[in-house]
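To find a chain, count down the sequence lines: A is the first, B the second, and so on, and within it residues start at 1. Every heavy atom of this structure was used, including side-chain atoms; hydrogens, water molecules and symmetry mates were not. Here the structure is a predicted model, which means the values were calculated and not measured.
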Amino acid sequence: MESTLTEEFKAKAAHICARYPRRDAALIPLLAEIQKEHGFIAEEAMDALARLLEIPYSRVKAVTTFYTMFKRAPAGRYHLQVCRNISCHMAGAPGLLESLRAKLGIKEGETTRDGLFTLSAVECLGACGSAPVMMVNEIYFENLTAGKLDAVLEDLRHNRLKDLGL
Amino acid sequence: MENILLKDNVADLESYFASGGYKPLKKALALNPARIVEEVKKSNLRGRGGAGFPTGLKWSFIPQHAGCLRYVVCNADEGEPGTFKDREIIRKNPHALIEGMAIAGFAIGANHGYIYIRGEFSAEAVLLETAIAAARAKGFIGKNILGSGFNFELFVHRGAGAYICGEETALLESLEGFKGQPRLKPPFPAVKGLFASPTVINNVETLAAVPAIVEKGGDWYASIGRGKSAGTKLFCVSGPVKKPGVYELPLGTALGDLLEKSCGGMKEGRRLKAVIPGGSSTPVLTAEEARDVKLDYESLAAAGSMLGSGAVIVIDESQCMVDLLRVLARFYHHESCGQCTPCREGCGWIEKILNRLEEGKGSPGDIDTLYSVAEGMISRTICPLADAMAMPVMSFVKKFRGEFEAHAAGKTCALRTALAGKSEAEPGSAI
Ligand SMILES: Cc1cc2nc3c(=O)[nH]c(=O)nc-3n(C[C@H](O)[C@H](O)[C@H](O)COP(=O)(O)O)c2cc1C
Ligand code: SF4
Ligand code: FES
């Protein structure tokens, strides 16, 4: 099973593990690396990582499940994460979510059929002064309005935000 | 007065250095570590992460005997709803944090530091890594710093999405590669923290204040602010004011001045209804209470609330308090780690009752139930997340009982229905 981890990954893992006095402390950063490479964390990858770090599979699974940023199944190319906490709520987050649902034809937790968009409502993103806020993959979009949201969706559809890493 | 933390043009190492940066580190390395702890004690600096514990005192709890590993950990999890100040420090003045950590390391005898940053802040994590690399290249981080013989390695560790990891012992669990479940205290982290070693854990804003204290002295810092609330504080203002954002002001500044002078007052047509002064878990103040209160530890405590993280959430008359409390309850219920029954069950009950009230399906008895469930959660759990849910519930119900009663009487929320249509049409500017 360990073959699912490339040599390149193992080299990177060794480098990350060296930051800690105990190798298994690197579990969360390494799960993040796997997700960065594959878009999600498959059961086989969890198993391989458990072997690499010499820890029980059950711990890897429990950690993967505990943290909300880890995905256990493939998601859309663009993961739209709309903050639903208090400051964004007051600034119109429910309306943003509603219009995304209508425009994309999906609910929170779902992915559009073309595999382009996954929609989530998330908790405070630590950018409340520029509410309402949405993250697309790792990029923040702040001070959103209906018009700005439309523009972002169009840009994503036409692959125009490559400069942002999207 | 001049800002201590939020400065312009110090984001990169060259300009930070040119403005006197890393001089405090050099000064510190020539001092006796105990002297530095004394200076921080004298400054009256208190933790900016929420609890306000005296920083020098916390550092002095680290056992003095030689031979054991020690750690400095920076809490950059910034998850308390309403809070967005640490992100600003990392963007504008990352070297103040790095230098503060190196000084803290020297003061407590730690050769390793970790910055635990919330997973969503990926741009800021990269920024920090770049800044640390620059500091290492100049010999401010790493082996034999500035020829002093002191070694200090510093790493960025990214979280992966879990509010509870902001709680210091959950953070340590997470940093060790486990689920972020808080530990029972004692033992406190100063005795048995990261990897079972003595650990100081401080917020970004706390550590970033350390270089200035070393440079200008504890007495200087203590002279800023009001009484025992020393220094400046970053206030993050969100809600319908003209200029929301992060403002650095001396502790003791009037809340009214923050809102009127710094933020330009309420947006056109908005009237102040309430303020949550220190992040979502601190008790709400009515507009009346907010008018004259000063922003410092003692004044806010006297007003029945807390300074918390300095997250000032402004609420205007168009908002429904039941609806807002429901948003908070959904959050705390989602974030409870589930170890303690009063927290796990209590948050669940509170959310359920609030949903019922919001949907017009509640009964008058629900309001007292809500209050007593919250009361039963206070001080009964491993960590204070349960209290963080209970405090807003109790204060919202106490101060805005009329709105809860109207909901319980079966009336659907007039405010919400009126606004729902509007916000769909124009999300950004509706509310
Ligand atoms: C549920 C919960 C969440 C917390 N979140 C944070 C946080 O995001 N950032 C932070 O600095 N402190 C947070 N704290 C406070 C920490 O437990 C701890 O008191 C703080 O990091 C100590 O640093 P300080 O003394 O410099 O404030 C949280 C506490 C609790 C109970
Ligand atoms: S109070 Fe809640 S979050 Fe804190 S340890 Fe107990 S269950 Fe977990
Ligand atoms: S409430 Fe949305 S970013 Fe904080």
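- The pair A:Glu123-B:Arg118 does not count as a salt bridge, with every side-chain nitrogen at least 4.0 angstrom from each carboxylate oxygen.
- Looking at A:Ala62, both its backbone and its side chain come within 4.5 Å of chain B, counting heavy atoms on both sides.
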Next on the checklist: Before you tell me yes or no, could you show the steps for B:His157 and A:Tyr20 under side chain to side chain contact (heavy atoms under 4.5 Å, CB included), namely the whole-Å CA-CA distance, both residues' side-chain angles and the distance that decides it to 0.1 Å?
Outcome noted: CA-CA 10 Å; B:His157 181 102; A:Tyr20 310 93; 2.6 Å; yes

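- Without hydrogens or angle criteria, A:Thr68 side chain to B:Gly161 main chain gives a donor-acceptor distance under 3.5 Å.
- With values rounded to the nearest 0.5 angstrom, A:Lys36 atom NZ is found 9.5 Å from B:Ser122 atom OG.
- Between the CZ atom in B:Arg158 and the CD1 atom in A:Ile28 there is a gap of 12.5 Å [rounded to 0.5 Å].
- For A:Arg59 and B:Phe178, the positive end sits near the middle of the six-membered ring, less than 6.0 Å away and at most 45° from its axis.
- Heavy atoms of B:Glu335 lying under 4.5 Å from chain A belong exclusively to its side chain.
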Next on the checklist: What verdict does the side chain to side chain contact (heavy atoms under 4.5 Å, CB included) test give for B:Arg330 and A:Arg84, after you've listed the backbone C-alpha separation in whole Å, the side-chain angles of each residue and the deciding distance to 0.1 Å?
Outcome noted: CA-CA 10 Å; B:Arg330 178 177 65 190; A:Arg84 65 177 185 184; 3.2 Å; yes

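- Contacts of B:Val312 with chain A are absent, with no heavy-atom separation under 4.5 Å from either backbone or side chain.
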Checklist entry - Which is it for B:Phe84 and A:Ser130 under the side chain to side chain contact (heavy atoms under 4.5 Å, CB included) test, yes or no, and what are the steps along the way? => result CA-CA 10 Å; B:Phe84 49 99; A:Ser130 37; over 6 Å; no

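- For the pair B:Arg87 and A:Glu142, the salt-bridge criterion is met [side-chain N within less than 4.0 Å of a carboxylate O].
- Both the backbone and the side chain of B:Ile315 come within less than 4.5 Å of a heavy atom of chain A.
- Contacts between B:Val237 and chain A at a heavy-atom distance below 4.5 Å involve the backbone alone (N, CA, C, O).
- Of the listed residues A:Arg19, A:Gln35, A:Glu138, the one with more heavy-atom pairs under 4.5 angstrom with chain B than any other is A:Arg19.
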Next on the checklist: Run the side chain to side chain contact (heavy atoms under 4.5 Å, CB included) test on A:Thr65 and B:Lys179 for me, step by step, so that the C-alpha distance in whole Å, both residues' side-chain angles and the decisive distance to 0.1 Å come before the verdict.
Outcome noted: CA-CA 9 Å; A:Thr65 320; B:Lys179 293 193 285 179; over 6 Å; no

